[in-house]
Amino acid sequence: TLDALAAGGLRYSQFRNTARCCPTRAMLMTGLHPHQAGIGWMTLGPNQQPDPQRPPAYQGYLNEHCVTLAEVLKSAGYATFMTGKRHLGRHEPSRWPLQQGFDRFWGSVSGAFNFFAPEHPRGIHDGNAAITAADLKSTTDRRFYTTDAFTDHAIRFLDDHFQLNALEEPAPFFLYLAYNAPHWPMQAHEEDIAKYRGKYKLGWDALRRQRYARQIDLGLIDADWPLSERDGPAPAWDELDEAKQDEMDLRMAIYAAMVDRVDQNLGRLVDFLKEQ
């Protein structure tokens, strides 16, 4: 699904990287430079309170001098939904999705969380109501997993929207689906991990060269641009013993499995939208 979406869209060869997840998210949500929105570095931690000594550009939550994409679209008649990771400030509910333009929200107000059993203060909220990990039920044949649950609730929100408007032209909708994967902690279904076990035994040096060559073939970079040096602290792959190579292969397999699960879930969402 990811490949199909990319093939049917635009391929960008230039981009701006704000280095951390929170500033990038602030840009996506407001259309502003992250410092203008109040998140020039990171958001406040789950139990942190605002510090008056911090400069406004680094206050750690969206300020009152910006509006979110959801607020703008809602003012234009859109239904607005969000599932997934918010991470734009949680110290008070006024910083939460329902108070910043979303009609419905199911996900985490905080940042990284346990994929299988998210506990507060890095837990799950349904709207403004906290849900305990014990009350989270799986909707698949596997145990509860946030990537699956975020998709389930996204589809449920949209299905309710279409059903509500079944007798007339439905209002346009905006869905912000923000998976936490493949952010840490590195956790995935064992069945998905098994698909990728052994695929990274080639080692990071050889894989870097392969990916560099592919980027040239795709026209993303110029063939005259040399491959960068390996990161200083990282040893050559061949310098690792067999046990360490196996461990690194497992870690990459888990990472790949997390992306694979995102791909599967996006497939479910795309199929649902096509059916509608």
Side-chain angles (χ1 to χ4, degrees), residues 18 20-52 54-113 118-133 135-136 146 149-161 164-165 170-180 183:
T18 57
R20 299 299 294 265
C21 57
C22 307
T24 303
R25 189 172 295 104
M27 293 173 69
L28 287 170
M29 277 287 94
T30 67
L32 298 176
H33 191 280
H35 292 77
Q36 293 175 295
I39 306 182
W41 183 58
M42 289 291 287
T43 59
L44 297 176
N47 295 313
Q48 281 184 292
Q49 290 297 315
D51 181 355
R54 294 180 71 162
Y58 298 94
Q59 66 184 25
Y61 55 92
L62 288 184
N63 58 34
E64 296 178 355
H65 305 295
C66 63
V67 292
T68 67
L69 183 56
E71 288 174 302
V72 174
L73 290 173
K74 190 171 183 178
S75 72
Y78 278 70
T80 55
F81 311 114
M82 177 183 173
T83 62
K85 175 181 174 180
R86 172 70 171 173
H87 205 203
L88 289 172
R90 82 173 301 277
H91 64 285
E92 60 178 49
S94 65
R95 305 293 95 194
W96 295 8
L98 295 192
Q99 286 66 252
Q100 292 191 315
F102 287 98
D103 294 322
R104 300 181 71 179
F105 165 68
W106 197 94
S108 177
V109 180
S110 299
F113 41 79
E119 294 277 7
H120 293 288
R122 295 181 180 273
I124 298 296
H125 281 78
D126 184 354
N128 291 328
I131 306 175
T132 65
D135 290 330
L136 294 170
T146 51
F150 294 155
T151 311
D152 292 333
H153 285 82
I155 292 174
R156 185 175 305 165
F157 288 169
L158 294 178
D159 190 45
D160 289 347
H161 173 67
L164 185 65
N165 295 275
F173 68 88
F174 169 60
L175 168 67
Y176 176 45
L177 172 54
Y179 293 117
N180 192 45
H183 195 286

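Below, each value reflects all heavy atoms present in this structure, side chains not excepted, and no hydrogens, waters or symmetry copies. Computed from a predicted model, the values in this text were never measured in an experiment.
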Open item on the list: Pair T83, F105 - check side-chain contact (heavy atoms from CB on, under 4.5 Å), show working.
Closed with: CA-CA 6 Å; T83 62; F105 165 68; over 6 Å; no
Got [X] and [Y] here, is their nearest side-chain heavy-atom distance under 4.5 Å?
X	Y	value
D152	F157	no
C21	R25	yes
R95	R90	no
Q100	M29	no
L136	I124	yes
T146	K85	no
D159	R156	no

Task: Salt-bridge criterion met for D126 and R104 (N-O under 4.0 Å) - done: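 Judged by the 4.0 Å cut-off on N to carboxylate O distance, D126 and R104 do not form a salt bridge.
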Tell me if a side-chain donor or acceptor on [X] pairs with a main-chain N or O of [Y] at a distance below 3.5 Å.
X	Y	value
T18	T24	yes
Q59	G38	no
H120	I131	yes

Distance (rounded to the nearest 0.5 Å) between [X] [atom1] and [Y] [atom2]:
X	Y	atom1	atom2	answer
M42	C22	CE	SG	4.0 Å
L175	I155	CG	CD1	9.5 Å
M82	L69	CE	CG	12.0 Å

Is the [X]-[Y] ring centre distance short of 6.0 angstrom?
X	Y	result
Y61	H91	yes
W41	H35	no
H153	F81	no

Open item on the list: Tell me whether the rings of H161 and F173 are parallel (<30°), tilted (30 to 60°) or perpendicular (>60°).
Closed with: perpendicular
TODO: Could you tell me how the ring of Y176 sits relative to the ring of F174: parallel (under 30°), tilted (30 to 60°) or perpendicular (over 60°)?
DONE: parallel
TODO: Heavy atoms only: give me the nearest A37-T30 pair and the separation to one decimal.
DONE: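 Of all heavy-atom pairs spanning A37 and T30, the closest is CB-OG1, 4.0 Å.
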TODO: For K74 and G101, work out which heavy atoms get closest and say how close.
DONE: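 Nearest pair, atom of K74 first, then G101: CD-O, 3.5 Å.
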Open item on the list: Ignoring hydrogens and geometry beyond distance, is a side-chain donor-acceptor pair present between Q36 and N63 at under 3.5 Å?
Closed with: no
- [ ] Tell me yes or no: between the side chains of R122 and S110, is some donor less than 3.5 Å from an acceptor?
- [x] no
When the side chains of residues 44-51 are checked against the rest of the protein, which donor-acceptor pairs come out under 3.5 Å, sequence neighbours left out?
from, atom 1, to, atom 2, distance (Å)
Q48, OE1, G45, N, 2.4
D51, OD1, Q53, N, 2.9

- [ ] Report the residue from L88, T80, L62, L73 that forms a side-chain contact (heavy atoms from CB on, under 4.5 Å) with T68.
- [x]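 Of L88, T80, L62, L73, side-chain contact (heavy atoms from CB on, under 4.5 Å) with T68 is met by L62 alone.
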